[in-house]
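Got a structure for you, questions after.
Numbering starts at 1 and runs along the sequence shown.
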Amino acid sequence: MEAKLKKELGTTLLKSTGHSGGGCISEGQSYDTDTGRVFVKINHKSEAKLMFDGEMASLEAILKTETVKVPKPVKVIELDRGGCVFVMEHLDMRGLSKYLKHLGEQLADLHLHNKRQLEKLNKEQQTVGKGAGQSEVAVEKFGFDVTTCCGYLPQENEWQDDWLAFYSRQRLQYQLNMVEKSYGDREARELWSELQLKIPQFFTDVEIVPALLHGDLWGGNVAECAEGPVIFDPASFYGHSEFELGIAGMFGGFNKSFYSAYHEKIPQAPGFEKRNQLYQLFHYLNHWNHFGGGYRGSSIRIMKTLLK
């Protein structure tokens, strides 16, 4: 692998620094090269290239907004013996503690970025349809130009005009189809047939402008460096800004100052709590499909609560 990395990165120096990291999906390792330190993620699964290509496009899109710090992506490299590596800038990161308020502000700016672009372009009467997040282009639909993965499962990102249709079919239905295939869970199937009819009721009087999302913003995908907060491991797409706060509330890691700073820029709309549960449902289903039946109870419970 190291010979391949040297060749692809055009470096004579490739020295492991002893910094390693990684989560439940990929391993990570830092190396010194001729042009500075890089962080390399390694995954040997057959779908690794799809996953890393999506992550690279996500990081590039967030980077272009100049709102919140992410590691700069360098290159996705296929390994000769299968699997893939993803090379990005190495950042000296530690747990997020000092900069939670800043992250709230910057995340709101990320979510408002496309709306501001649309307003600017509308003033100039030059609104463009879908784009890949270039700063001069505004996006009017929901989706993303490439497949992104939440964990290692691919997300269906085909562009849609309507957020409710996008979220119901390409997020919830997609996950429930996987649950059906793996477990044939009758209760989940019956609850979903009722819930999908009720979803429009949660969105009365809510204006939804496509926002560029990190897509998997839990406490394990945020940190800070000397200059401020950092977010990483994105699964981006253009969606409803509130979707981001679904998983943020599930596993902790975000305090009151984070939420206050965020909602100062994007106030909570009526019915936020119900929609927040609807957005958490996606992540519980995704965890069920990744890690098994331990997440069944939470998925079923949320569907029942939403039907009350």
Check: Can Glu158 and Gln170 be counted as having a side-chain donor-acceptor contact under 3.5 angstrom?
Finding: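 No, Gln170 and Glu158 have no side-chain donor paired with an acceptor closer than 3.5 Å.
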
Check: Taking Asn122 for the side chain and Leu118 for the main chain, is one N or O donor matched with an acceptor at less than 3.5 Å?
Finding: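 Pair found, side chain donor or acceptor close to backbone of Leu118.
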
Margin query: Would you say CD of Gln268 has more than 12 non-hydrogen atoms from neighbouring residues, nucleotides or ligands within 6.0 angstrom?
Written below: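 Count over threshold, so yes.
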
Next item on the list: Determine whether Asp92 and Cys225 make a side-chain contact, defined as any pair of heavy atoms from C-beta on separated by less than 4.5 Å.
Entry: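 No, side chains not in contact.
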
Margin query: Test of understanding: with salt bridge (Lys or Arg N to Asp or Glu O under 4.0 Å), list the residues that count as partners of Lys15, not counting sequence neighbours.
Written below: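 Applying salt bridge (Lys or Arg N to Asp or Glu O under 4.0 Å) to Lys15 gives none.
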
Check: Salt bridge check: are Glu2 and Lys6 linked by an N-O gap of less than 4.0 Å?
Finding: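 No, this pair does not count.
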
Item checked: Contact check, side chains of Ile302 and Leu281, non-hydrogen atoms, under 4.5 Å ->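 Ile302 vs Leu281: side chains touch.
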
Next item on the list: Please examine the side chains of Ser168 and Gln196, heavy atoms only from C-beta on, and report whether any two atoms are closer than 4.5 Å.
Entry: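 No, their side chains stay 4.5 Å or more apart.
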
Checklist line | Working for side-chain contact (heavy atoms from CB on, under 4.5 Å), residues Glu47 and Cys149 | finding: CA-CA 10 Å; Glu47 59 268 26; Cys149 296; over 6 Å; no

Note to self: Less than 6.0 angstrom separating the ring centers of Phe272 and His263, yes or no?
What the structure shows: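 Yes, ring centres under 6.0 Å apart.
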
Note to self: Side-chain heavy atoms under 4.5 Å apart, restricted to Ile/Leu/Val/Met/Phe/Trp/Tyr: what other residues fall into the cluster of Val85, or is it alone?
What the structure shows: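 In the cluster with Val85 are Met1, Leu5, Leu9, Leu14, Tyr31, Val38, Val40, Ile42, Val74, Ile77, Leu79, Val87.
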
Notebook entry, point to check: Is it true that Val179 and Ile199 fall in one hydrophobic cluster, defined by side-chain heavy atoms closer than 4.5 Å?
Noted result: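 Yes: a chain of side-chain contacts under 4.5 Å links Val179 to Ile199.
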
Next item on the list: Would you kindly confirm whether Met56 and Leu217 end up in one hydrophobic cluster when ILVMFWY residues are joined by side chain heavy atoms under 4.5 Å apart?
Entry: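 As far as the 4.5 Å side-chain criterion goes, Leu217 and Met56 are connected within one cluster.
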
Margin query: Before you tell me yes or no, could you show the steps for Arg296 and Ser299 under side-chain contact (heavy atoms from CB on, under 4.5 Å), namely the whole-Å CA-CA distance, both residues' side-chain angles and the distance that decides it to 0.1 Å?
Written below: CA-CA 5 Å; Arg296 178 189 185 272; Ser299 306; 5.7 Å; no

Next item on the list: Locate the shortest heavy-atom distance separating Ala108 from Ile266; write the atom from each residue and the value.
Entry: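 Heavy atoms of Ala108 and Ile266 come nearest at O-CD1, 3.8 Å.
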
Notebook entry, point to check: Taking C-beta and beyond as the side chain, do Trp288 and Met178 meet within less than 4.5 Å on heavy atoms?
Noted result: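 Not touching, per the 4.5 Å side-chain cut-off.
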
Checklist line | Test salt bridge (Lys or Arg N to Asp or Glu O under 4.0 Å) applied to Arg94 - qualifying residues, sequence neighbours left out | finding: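 Once residues adjacent in sequence are excluded, the partners of Arg94 under the salt bridge (Lys or Arg N to Asp or Glu O under 4.0 Å) criterion are Glu224.
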
Check: Can you name the ring pair (Phe, Tyr, Trp, His ring centres under 6.0 Å) partners of Phe142, sequence neighbours left out?
Finding: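 By the ring pair (Phe, Tyr, Trp, His ring centres under 6.0 Å) rule, Phe142 matches Trp163.
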
Margin query: Just so I know, are the side chains of Ser16 and Gln29 near enough to count as touching, which here means a heavy-atom distance under 4.5 Å?
Written below: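 Of all side-chain heavy-atom pairs linking Gln29 with Ser16, at least one is under 4.5 Å.
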
Next item on the list: Would you kindly say whether His113 and Thr67 are connected by a side-chain donor-acceptor distance under 3.5 Å?
Entry: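 Judged by distance alone, the side chains do not pair up.
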
Note to self: Checking side-chain polar atoms at under 3.5 Å, does Thr148 have a donor or acceptor matched by the opposite partner on Asn157?
What the structure shows: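 Thr148 vs Asn157: donor-acceptor pair found between side chains.
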
Notebook entry, point to check: Heavy-atom count around Lys274 NZ within 6.0 Å, excluding the residue itself: above 12?
Noted result: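 Counting other residues, nucleotides and ligands, NZ of Lys274 exceeds 12 neighbours.
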
Checklist line | Plane angle bin for Phe258 and Tyr262 - parallel if under 30°, tilted between 30 and 60°, otherwise perpendicular | finding: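 Because their plane-to-plane angle is under 30°, the rings of Tyr262 and Phe258 count as parallel.
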
Next item on the list: Using side-chain contact (heavy atoms from CB on, under 4.5 Å) as the criterion, point out the one residue from His111, His102, Gln106 that pairs with Val68.
Entry: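 The option that passes is Gln106.
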
Next item on the list: Could you verify whether a donor N or O on one side chain and an acceptor N or O on the other, from Gln277 and Thr305, lie under 3.5 Å apart?
Entry: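 No.
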
Notebook entry, point to check: Which atom pair, heavy atoms only, marks the closest approach of Leu213 to Ser241?
Noted result: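 In terms of heavy atoms, the two residues are closest at CD2-CA, 3.9 Å.
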
Note to self: If we ignore hydrogens and angles and just use 3.5 Å, is the side chain of Thr11 paired with the main-chain N or O of Asp34 as donor and acceptor?
What the structure shows: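 It does hold such a pair.
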
Note to self: Here's a test for you: under ring-ring contact (aromatic ring centres under 6.0 Å, His included), which of Phe166, Phe237, Tyr238 qualifies with Phe243?
What the structure shows: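 It is Phe237; the other options fail the test.
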
Next item on the list: Using atom types as modelled and distance alone, determine if a side-chain donor or acceptor of Thr65 lies under 3.5 Å from a backbone N or O of Ile62.
Entry: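 Checked: pair present.
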
Margin query: Using side-chain heavy atoms (C-beta onward) and a distance below 4.5 Å, is Thr147 in contact with Gln155?
Written below: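 Answer no - side chains too far apart.
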
Next item on the list: May I ask you to decide if Pro270's main-chain N or O and Arg275's side chain share a donor-acceptor pair within less than 3.5 Å?
Entry: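 Present.
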
Item checked: Where Gly54 and Ser58 come nearest, the two heavy atoms and their spacing ->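 Nearest pair, atom of Gly54 first, then Ser58: O-OG, 2.7 Å.
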
Notebook entry, point to check: Is there a chain of hydrophobic side chains (I, L, V, M, F, W, Y, each step under 4.5 Å between heavy atoms) that links Phe254 to Phe232?
Noted result: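 Phe254 and Phe232: separate clusters.
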
Next item on the list: For the residue pair Tyr295 and Tyr284, categorise the inter-ring angle as parallel (less than 30°), tilted (30 to 60°) or perpendicular (more than 60°).
Entry: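 Tyr295 vs Tyr284 ring planes: tilted.
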
Checklist line | Test item: Arg171 side-chain N/O and Glu156 main-chain N/O as donor-acceptor pair under 3.5 Å | finding: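 Side chain of Arg171 to backbone of Glu156: a pair is present.
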
Checklist line | Tyr174 and Pro154, any side-chain heavy atoms less than 4.5 Å apart | finding: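 Yes - at least one pair of side-chain heavy atoms lies under 4.5 Å apart.
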
Notebook entry, point to check: Any donor and acceptor pair, going by atom type alone, linking the side chain of Asp216 with main-chain N or O of Pro234 inside 3.5 Å?
Noted result: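 No, because the side chain of Asp216 does not come within donor-acceptor range (under 3.5 Å) of the backbone of Pro234.
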
Next item on the list: Please determine if Lys41 and Glu27 form a salt bridge, counting it only when a charged side-chain N lies under 4.0 Å from a carboxylate O.
Entry: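 A salt bridge is absent here (no side-chain N lies under 4.0 Å from a carboxylate O).
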
Notebook entry, point to check: Between Lys101 and Glu105, is there a salt bridge with N-O shorter than 4.0 Å?
Noted result: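 Salt bridge flag = yes for Lys101 with Glu105.
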
Check: Between Asn289 and Gln175, is there a donor-acceptor pair closer than 3.5 Å when you use the side chain of the first and the backbone of the second?
Finding: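 Checked: pair present.
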
Notebook entry, point to check: Would you say the ring centroid of Phe251 lies under 6.0 angstrom from that of His283?
Noted result: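 No, ring centres 6.0 Å or more apart.
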
Notebook entry, point to check: Are the side chain of Lys198 and the backbone of Leu306 linked by a donor-acceptor contact shorter than 3.5 Å?
Noted result: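 Flag set: sc Lys198 to bb Leu306 pair under 3.5 Å.
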
Next item on the list: Could you work out the complete set of other residues in the hydrophobic cluster of Leu50, with links drawn between I, L, V, M, F, W and Y side chains under 4.5 Å apart?
Entry: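 Hydrophobic cluster check, Leu50: no partners found.
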
Checklist line | Taking every non-hydrogen atom, the tightest pair across Ala138 and Leu121 | finding: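 The pair with the smallest heavy-atom distance is CB-CD1, 3.4 Å.
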
Margin query: I'd like to know whether CZ of Arg169 has more than 12 heavy-atom contacts from other residues, nucleotides or ligands below 6.0 angstrom.
Written below: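 No, the 6.0 Å shell around CZ holds no more than 12 heavy atoms from other groups.
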
Item checked: Met303 CE to Leu172 CG distance, which is reported to the nearest 0.5 Å ->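 One gets 9.0 Å once the value is rounded to the nearest 0.5 Å.
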
Note to self: Can you give me the closest heavy-atom contact between Cys150 and Asn286, atom names plus distance?
What the structure shows: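 Taking every non-hydrogen atom into account, O-ND2, 3.3 Å.
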
Notebook entry, point to check: Hey, any chance Val230 and Phe86 share a hydrophobic cluster, counting ILVMFWY side chains that come within less than 4.5 Å of each other, even indirectly?
Noted result: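 As far as the 4.5 Å side-chain criterion goes, Phe86 and Val230 are not connected within one cluster.
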
Note to self: I'd like to know if the side chain of Ser193 reaches the main chain of Glu190, judged simply by a donor and an acceptor atom lying under 3.5 Å from each other, with no hydrogens or angles considered.
What the structure shows: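 Side chain of Ser193 to backbone of Glu190, a donor-acceptor pair under 3.5 Å: yes, one is there.
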
Next item on the list: Evaluate the criterion side-chain contact (heavy atoms from CB on, under 4.5 Å) for residue pair Ser26 and Lys45; output intermediate values, then yes/no.
Entry: CA-CA 9 Å; Ser26 302; Lys45 284 184 182 285; over 6 Å; no

Note to self: Quick check against the 3.5 Å criterion: does Gln280 have a side-chain atom that pairs as donor or acceptor with the backbone of Gly246?
What the structure shows: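 Yes: the side chain of Gln280 pairs with the backbone of Gly246.
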
Next item on the list: Compute the centroid of each ring, for Tyr152 and then for His290, and state whether the two points are separated by less than 6.0 Å.
Entry: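 Between Tyr152 and His290, the centre distance is under 6.0 Å.
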
Note to self: Please find the pair of heavy atoms, one from Leu63 and one from Lys72, that lie closest to each other, and give the distance.
What the structure shows: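 Of all heavy-atom pairs spanning Leu63 and Lys72, the closest is CD2-CG, 4.0 Å.
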
Item checked: Verdict with reasoning, Phe52 to Asn43, per side-chain contact (heavy atoms from CB on, under 4.5 Å) -> CA-CA 9 Å; Phe52 286 154; Asn43 191 289; 3.7 Å; yes

Notebook entry, point to check: When clusters are formed by joining ILVMFWY residues with side-chain heavy atoms under 4.5 Å apart, either directly or through shared neighbours, do Val70 and Met88 land in the same one?
Noted result: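 Result: yes, single cluster for both.
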
Checklist line | Heavy atoms from other residues, nucleotides or ligands near NZ of Lys98 exceed 12 (cutoff 6.0 Å) | finding: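 Counting other residues, nucleotides and ligands, NZ of Lys98 stays at 12 neighbours or fewer.
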
Notebook entry, point to check: Got a sec, which residues hit salt bridge (Lys or Arg N to Asp or Glu O under 4.0 Å) with Asp109, two or more places apart in sequence or on another chain?
Noted result: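 Checked Asp109 against salt bridge (Lys or Arg N to Asp or Glu O under 4.0 Å); matches are Arg116, Lys265.
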
Notebook entry, point to check: Just wondering, do Leu59 and Pro71 contact through their side chains at under 4.5 Å, heavy atoms?
Noted result: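 Sidechains of Leu59 and Pro71: in contact.
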
